[in-house]
S.K.: 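Sharing a structure below in structure tokens format, with a few things to ask.
Predicted model, so just to flag it, every value in this text is computed and none were measured.
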Amino acid sequence: MSGFEGLSGKTVLLTGAAGGIGSAIAHGFAHAGARLGLVDFDAGRGNALRDALRKAGATAHFAQADVSTFAACERAHAELTSELGGIDILVNNVGISPKTNGKALRVWEMPPAEWDGVVAVNLNSAFYMARLCAPHMVQQRGGRIVNMSSVAGKAYCDIVAAHYAATKSALLGLTRHWAAELGEFDVTVNGLAPGRISTPLLKSVPTEINDAVARVTALRRLGTPEEVADACLFFASDQARFVTGQVLDVAGGWLMT
């Protein structure tokens, strides 16, 4: 992950930072010389990531937060900006996809509380963080927002449940709308739609499920977190300065239709 221009010295706020894709994005930005504000619910993994980045020479701070509430997002934002200054790049990466006995619940099986929880984390947190970071970007007339959607937000995928698909689809709408709202201030807003990515979370999934996805993926394999991170860094970089309101599949050709 190198060759991306305009990231050195920029301040990044990254949610879901301690997960497989999140940590790859964090390391990618650190390698490019950016300053990292990390947000995650898991304090142990978040602090470990911060320490690893610092050991590698990066500027990194961690704020533990349950991003499903605005108050928690506001506290995390305040903590990170007090250390790092205003946010230049926001990556709304956090996402959850609950399963019951390894399977996604169907609409008549799903507890309303589970629906509400996924909407709060996957969708509401993106609004909360954008609401907090956008004023600085507007004031300085420049910034980047990258929203982590999914191919499951664009096509039916029986591996996930309706709440995950709905929130990831909603992020596509937010991406286009915010791109139009913020464009006059030279703030770009783009989205990523990963496919099946080989993260530690997938170890809990039966091998046959991942093998089946690989067989119907054009490139015949799962993706890596680093490949998602590369796409994220592109959208945040100067190379994408005239790209906004777009969503890029990082899925190896899975669910193209």
Side-chain angles (χ1 to χ4, degrees), residues 1-19 21-40 46 49-63 65 67 73-74 76-94 125-126 128-148 175 178-179 181-192 225-246 248 250:
M1 288 176 285
S2 61
F4 296 107
E5 299 174 0
L7 298 177
S8 181
K10 297 293 186 182
T11 300
V12 181
L13 193 156
L14 169 64
T15 65
I21 292 175
S23 61
I25 292 172
H27 281 285
F29 274 117
H31 183 71
R35 305 158 74 238
L36 274 301
L38 312 168
V39 180
D40 203 278
L49 175 61
R50 176 204 60 200
D51 293 345
L53 292 169
R54 287 179 175 177
K55 187 175 181 179
T59 298
H61 293 275
F62 171 69
V67 294
C73 288
E74 194 171 33
H77 176 265
E79 180 179 341
L80 294 174
T81 54
S82 70
E83 296 284 350
L84 299 168
I87 304 301
D88 303 303
I89 300 165
L90 168 64
V91 181
N92 285 312
N93 170 67
V94 68
S125 72
Y128 297 153
M129 286 302 189
R131 172 65 182 83
L132 292 162
C133 294
H136 172 73
M137 296 180 184
V138 168
Q139 183 179 30
Q140 72 176 5
R141 300 194 69 83
R144 301 281 188 268
I145 298 175
V146 181
N147 293 321
M148 194 64 69
T175 295
W178 290 345
E181 283 188 345
L182 293 166
E184 66 179 287
F185 304 103
D186 204 23
V187 177
T188 67
V189 187
N190 292 290
L192 296 173
E226 289 74 21
E227 288 167 329
V228 181
D230 281 341
C232 182
L233 266 67
F234 165 70
F235 275 144
S237 73
D238 284 351
Q239 280 97 326
R241 60 190 175 275
F242 198 59
V243 180
T244 195
Q246 304 305 303
L248 175 65
V250 188

S.K.: Apply the test side chain to side chain contact (heavy atoms under 4.5 Å, CB included) to residues F235 and L192: give CA-CA distance (whole Å), side-chain angles for both, the deciding distance (0.1 Å), then the verdict.
M.R.: CA-CA 9 Å; F235 275 144; L192 296 173; 3.5 Å; yes

S.K.: Apply side chain to side chain donor-acceptor pair (under 3.5 Å) to E79 and list each qualifying residue two or more places apart in sequence or on a separate chain.
M.R.: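 Applying side chain to side chain donor-acceptor pair (under 3.5 Å) to E79 gives none.
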
S.K.: For the atom pair CD1 (I89) and NZ (K10), what is the distance rounded to the nearest 0.5 Å?
M.R.: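 Here the rounded value is 7.0 Å.
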
S.K.: Decide side chain to side chain contact (heavy atoms under 4.5 Å, CB included) for V67 and Y128; before the verdict, give the C-alpha distance in whole Å, the side-chain angles of both, and the deciding distance to 0.1 Å.
M.R.: CA-CA 8 Å; V67 294; Y128 297 153; over 6 Å; no

S.K.: Please confirm whether the backbone N or O of V94 pairs with a side-chain atom of T15, one donor and one acceptor, at under 3.5 Å?
M.R.: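 Looks like yes, one N/O pair under 3.5 Å.
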
S.K.: Spell out, as yes or no, whether a donor-acceptor pair under 3.5 Å connects the side chain of D40 to the backbone of G46.
M.R.: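 Such a contact is absent between D40 side chain and G46 backbone.
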
S.K.: Measure from the side-chain N and O atoms of R141 to the backbone N and O of D186, and report whether any donor-acceptor pair falls under 3.5 Å.
M.R.: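 No, the answer is negative, given that no donor and acceptor are paired below the 3.5 Å cut-off.
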
S.K.: So, using side chain to side chain donor-acceptor pair (under 3.5 Å) as the criterion, who are the partners of S237 when residues are at least two apart?
M.R.: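 By the side chain to side chain donor-acceptor pair (under 3.5 Å) rule, S237 matches Q239.
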
S.K.: Judged by atom type as modelled, is there a donor-acceptor pair below 3.5 Å linking the side chain of R144 to the main-chain atoms of V91?
M.R.: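 Absent.
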
S.K.: Just verifying a value: how many Å separate L233 CG and H31 NE2, rounded to the nearest 0.5 Å?
M.R.: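 With rounding to 0.5 Å, CG (L233) is 9.5 Å from NE2 (H31).
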
S.K.: Quick check against the 3.5 Å criterion: does Q139 have a side-chain atom that pairs as donor or acceptor with the backbone of M137?
M.R.: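 It does not hold such a pair.
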
S.K.: Measuring from atom CG of L13 to atom NE2 of H136, what distance do you get when rounded to the nearest 0.5 angstrom?
M.R.: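 The CG atom of L13 sits 11.5 Å away from the NE2 atom of H136.
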
S.K.: According to the side chain to side chain donor-acceptor pair (under 3.5 Å) rule, which pairs have a member within residues 84-94, sequence neighbours left out?
M.R.: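 Non-adjacent pairs meeting side chain to side chain donor-acceptor pair (under 3.5 Å): D88-Q140, N92-N147.
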
S.K.: I87 and M129: side chain to side chain contact (heavy atoms under 4.5 Å, CB included), yes or no, with the steps?
M.R.: CA-CA 10 Å; I87 304 301; M129 286 302 189; over 6 Å; no

